[in-house]
Amino acid sequence: MSGGRRQRLLLNLCVIFILACLLLQLTVLRATFDDTELDLTSDLQHDYLDVEWREFIAHTPEQPDTFFQYNRQLSDKLAAVRSLPMTRHDSCNTRNYQLPHVSAAQLSVVISFHNEARSILLRTICTLISRTSHDYLHELIIIDDCSDDAELLVSLDGILRRIFHAHPAFIFRRNRQRRGLIWSRNEGARVASGHYLLFLDSHCEVNAGWLEPLLDRLALNSSRAVSPLLDPIDPETLSYLAGNVLLKGGFDWSLHFHWLPRQFADGERAEEAYKSPAFAGGIMMISREWFFKLLGFNPHLQIWGGESIEFAIKLWLCGGQIEIVPCSRIGHIFRSRHAFEFPAQFEEQQQQLDTAQATYLRNSKIIAESWLDEYKYLFYTLKPAAKQIPLNLSQHELASIKTGQRCQRFDWFLRHVQPDLKVHNAKFSALGTLRNEDRCLHVEESQLLLVSCYRMEITQWRLHRNTGQLSTGHKRCLGVLNESQLSMQPCLVGTLINHTQRWQRRDTQLLHAGTHLCLDNPLKNQLALSSCRALAASQSFQFALEMEAQTN
Ligand code: UD2
Ligand code: MN
C-alpha cells in the first residue's frame, strides 16, 4: 500500500470514528431528555429550557404593559416553570382518587389566544405539560386567534417540539381573521381526538396534581363537567394566591357572571367537590362525547363572553351537572379590563354602546331568547338596550342549539339549580356582588375600587329595603361626603341616613337620595356621582341577586 493511500485510509477511519462518537453522544443525550422529558425542574432540562425560553421570549414585539394588562417585563424575568405554593388542602395530596384507565381517559387541551405575551403563553403550556401525568396527556391544540405577532406560532411550534419531542402531540392553527374565543374553542374541540377536553385560558399556571381530582369526578359520572378551583395570579406582581373555596359560580338576570356563597351540607368539608350553577369561569373539563351531544358552544355567540354561562344552563337543563373541585388548582391572571379590541358588530354607535358591550349584549340576548322562556322579560327589564339589538336569527336557528337531548324548561333551573335567583327577602332588596359592565365594586382598606368580577374576594353588598343603605358585611355603608364625594362610612341610624346613605333603585340605577345624583363609572375604573341619564351603561349596576323589587 502506498504511503498516500494508507494516509487516506487512516483519515477515513478517523472521520468514521468521530462520526460514530458524535452519534453515540447524541443518542445518549436524547435518551437523557426523553427520560426527564416532563421533569422541567431537573437541572439539565432546566438549563436547556432556559436557553430556549430566553431565545423565544427575546422576540416578543415591544408593547407597553397596558397592551397586555399585566406585568409582561416581570413575567419575562421569571422561570418558565416556577414553584408555586400548594394552595389546596393537605388531604388532597394523600387522597385515593378513582382514576379511569389511561386507555379510556386521554386528554385533549384546547388553548385559544389573542395577543398574549410570549412568556405568559409559554409558561401556561410548560406548566401544563410538566404538571400533568404523561400517560393521560394526549394532545395540545393551540389556536392563535389572529394575534398581531404573526411569527409567534411558528416559533412556538419549533420550541415545543424541541423541548418535548413527540409527546404530547401538538396541533397548531392560526386564524387568518379574528374569529373570537368561542369559535376557536369549538374548532379546537372539533379537531381533538382525546376522550376528554380541557378548555384553558392562555395566561394560566397549572398547579401540581390538578388532573387527578377532575378525572376522579368525571369517571364517576360522565354527564358532569368540572372546573378546577381558580387561584388568582395578581396581574401586577404575578404573585400566586389561593382561590376561595366558599364561593360558587352563578349569574344574575342580566346574564352576567357573579360569585355566590356556597352552601354546605351537614358535615361537608371545604375541600370536597361541590355543585355550582355556573363554571368558575371558562376553564373546564368535560368528556368530548358529551360536549358534542350538547352541540358544543353556541356557534351564534360571537368573539367573547356568555359562552360559559350558556353552556352551564344547557348542561343543567339537558341532563348534566357542574362541579367545582377544590383539590384541583389552576392559577389564572385576572385582569381588570379587556386587553383586546372587539371587532365591530353592528351599528352600536346608535345605541351608545362600545363594541365590547355590544358583543356581550348580543350574546346575552341570544341566551335569553333561547333558554330563559317567560323569564326573558326580566333580562329585558335589566337590559332594555338589548331590545334594539338585531340578531338576524330565525326562531328555528335559535331553537336548533337546544340539542337533540330532552331539556327542561328554565323554571326547572330556578327550582333545582340556582333558587336564589328568585329569592324574596324581607330585609334586603338586593344582595351580592355589584356589577357595572365587566367590573365589580369592591372595597379594600376603605378604598372603593372597580375590579374584575372574576376575582374571588369581591365585596358582597346588601341593599337594605327600609333604609336604602348599601352596606358591606362589615357594617360599613356607602355614603356621600361634601355633596359629591363617595366614601365608605360607619352605617348610620335614624334620620341621619336620609341625607348621606340612602340609595334608591331606578331600574338598574342607584340614585343617591340626598343629592339626586346617580352612581356612575364614567372612566371604567373610578366610581363617581353624576346626573342621572336613563340607559347610560356607566350608570347601570346589577346585583348578583335582585329581589322582587325588580320583578313585580
Ligand atoms: C372569562 C373566562 C374565559 C371565557 C370568558 C368569556 C375565566 C378564568 N376566564 O374571562 O375562559 O369564558 O370569560 O368568554 O373564567 N381570546 C381569543 N380570542 C378573542 C378573545 C380572547 O382567543 O377574540 C382568548 C384569550 O387570549 C384568553 C381566552 O380567550 O386566552 C379568554 O379570554 P380572557 O382571558 O380575556 O377572558 P377572561 O379571563 O376575562
Ligand atoms: Mn382569562
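Heavy atoms only: backbone and side chains are in, while hydrogens, waters and symmetry mates are out. Atoms within a ligand are numbered from 1 in the order they appear, just like the ligands themselves.
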Q.
Check whether Phe334 forms a cation-pi arrangement with Arg455 (NZ or CZ under 6.0 Å from the six-membered ring centre, at most 45° off the ring normal).
A. no
Q) To the nearest 0.1 Å, how far is atom 13 (O) of ligand 1 from its closest protein heavy atom, and which atom is that? A) Tyr454 OH, 3.4 Å
**Q.** For Phe172, the option from Leu140, Leu160, Val154 that meets side-chain contact (heavy atoms from CB on, under 4.5 Å)
**A.** Leu160
**Q.** ligand 1 contact on Phe340 by region, counting heavy-atom pairs under 4.0 Å
**A.** side chain
Q.
How far is atom 26 (O) of ligand 1 from the closest protein heavy atom, and which atom is that?
A. His114 N, 3.1 Å
**Q.** Total protein N, O or S atoms, the Mn ion (ligand 2), separation less than 2.8 Å
**A.** 3
Q | Aromatic contact, Phe199 with Phe291 (centres under 6.0 Å) | A | yes
Q: Identify the protein heavy atom lying closest to atom 28 (C) of ligand 1, giving its residue, its atom name and the separation to 0.1 Å.
A: Leu181 CD1, 3.7 Å
Q) What part of Asn115, side chain from CB on, backbone N/CA/C/O, both or neither, has a heavy atom under 4.0 Å from ligand 1? A) neither
Q) Given that the side chain starts at C-beta and the backbone is N, CA, C, O, which of these parts of Met284 lies under 4.0 Å from ligand 1, counting heavy atoms, or is it both or neither? A) neither
**Q.** Pairs satisfying ring-ring contact (aromatic ring centres under 6.0 Å, His included), at least one member in residues 143-162, at least two apart
**A.** none
Q: Examine Gly282 against ligand 1 and note whether any of their N/O atoms are separated by less than 3.5 Å.
A: yes
Q.
Quick test of your reading of the model: are Arg82 and Glu205 salt-bridged, counting only N-O distances below 4.0 Å?
A. yes
Q: Give the C-alpha distance, both sets of side-chain angles, the deciding distance and a yes or no for side chain to side chain donor-acceptor pair (under 3.5 Å) between Glu310 and Asn298.
A: CA-CA 8 Å; Glu310 209 248 8; Asn298 183 337; 3.0 Å; yes
Q) Residues in disulfide bond (SG atoms under 2.5 Å apart) with Cys327, at least two apart? A) Cys92
**Q.** Parallel, tilted or perpendicular, as decided by the 30° and 60° cut-offs, for the rings of Phe340 and His114
**A.** perpendicular
Q | For atom 24 (C) of ligand 1, the protein heavy atom that lies nearest, with its residue and separation | A | Ser112 O, 3.4 Å
Q. Is His332 touching ligand 1 with its side chain, its backbone, both, or neither, if touching means heavy atoms under 4.0 Å apart?
A. side chain
**Q.** Any donor-acceptor N/O pair, Ser227 side chain to Met284 backbone, under 3.5 Å
**A.** no
Q) Taking heavy atoms and a distance under 4.0 Å, where does His338 meet ligand 1: side chain, backbone, both or neither? A) neither
Q. For Ser308, is at least one N or O under 3.5 Å away from an N or O on ligand 1?
A. no
Q.
Is it the case that the side chains of Ser75 and Ser119 hold a donor-acceptor pair, with the cut-off being a distance below 3.5 Å and no angle test?
A. yes
**Q.** Option from Phe279, Tyr454, Phe251 for which side-chain contact (heavy atoms from CB on, under 4.5 Å) with Phe257 holds
**A.** Tyr454
Q: If you have a sec, work out which protein heavy atom is nearest atom 14 (O) of ligand 1 and how many Å separate them, to one decimal?
A: Glu307 OE1, 2.6 Å
Q. Under a 4.0 Å N-O cut-off, is there an ion pair linking Arg88 with Glu271?
A. no
Q) In ligand 1, which numbered atoms sit nearer than 4.0 Å to a non-hydrogen atom of Gly305? A) 6 (C), 14 (O)
Q.
Minimum distance, heavy atoms only, to atom 5 (C) of ligand 1: which one of Tyr360, Trp304, Phe297 is it?
A. Trp304
Q: Apply side-chain contact (heavy atoms from CB on, under 4.5 Å) to Glu55 and list each qualifying residue two or more places apart in sequence or on a separate chain.
A: His59
Q) What is the closest protein heavy atom to atom 19 (C) of ligand 1, and at what distance does it sit? A) Asp145 OD2, 3.4 Å
(Q) Under 4.0 Å from a heavy atom of Arg335: which atoms of ligand 1 are those, numbered in the order shown and with their elements? (A) 33 (P), 34 (O), 35 (O)
Q: Take Lys314 and Glu307 through the salt bridge (Lys or Arg N to Asp or Glu O under 4.0 Å) test and state the conclusion after the steps.
A: CA-CA 10 Å; Lys314 179 155 72 170; Glu307 87 295 340; over 6 Å; no
Q: Applying side chain to side chain contact (heavy atoms under 4.5 Å, CB included), run through Arg173 and Val191 and close with a yes or a no.
A: CA-CA 10 Å; Arg173 291 272 190 282; Val191 300; 3.5 Å; yes
Q) Between the side chains of Ser108 and Gln106, does any donor sit under 3.5 Å from an acceptor? A) no
**Q.** Enumerated ligand 1 atoms positioned under 4.0 Å from heavy atoms of Ile303
**A.** 23 (O)
Q) Heavy atom under 4.0 Å from ligand 1: found in Arg179's side chain, backbone, both, or neither? A) neither
Q) If we only count N/O pairs under 3.5 Å, is Ser184 in contact with ligand 1? A) no
Q: If you have a sec, work out which protein heavy atom is nearest atom 15 (O) of ligand 1 and how many Å separate them, to one decimal?
A: Gly281 CA, 2.7 Å
**Q.** Under-4.0 Å heavy-atom contact with ligand 1, by part of Phe199 that carries it
**A.** neither
Q. Could you walk me through whether Arg131 and Val81 pass the side chain to side chain contact (heavy atoms under 4.5 Å, CB included) check?
A. CA-CA 10 Å; Arg131 297 196 175 115; Val81 179; 3.5 Å; yes
(Q) To the closest 0.5 Å, what do you measure between NZ (Lys383) and CG (Leu378)? (A) 14.0 Å
Q) What part of Asp201, side chain from CB on, backbone N/CA/C/O, both or neither, has a heavy atom under 4.0 Å from ligand 1? A) both
Q. Which of the numbered atoms in ligand 1 are below 4.0 angstrom from a heavy atom of Leu230?
A. 8 (C)
**Q.** Identity and separation of the nearest protein heavy atom to atom 30 (O) of ligand 1
**A.** Ser202 OG, 2.6 Å
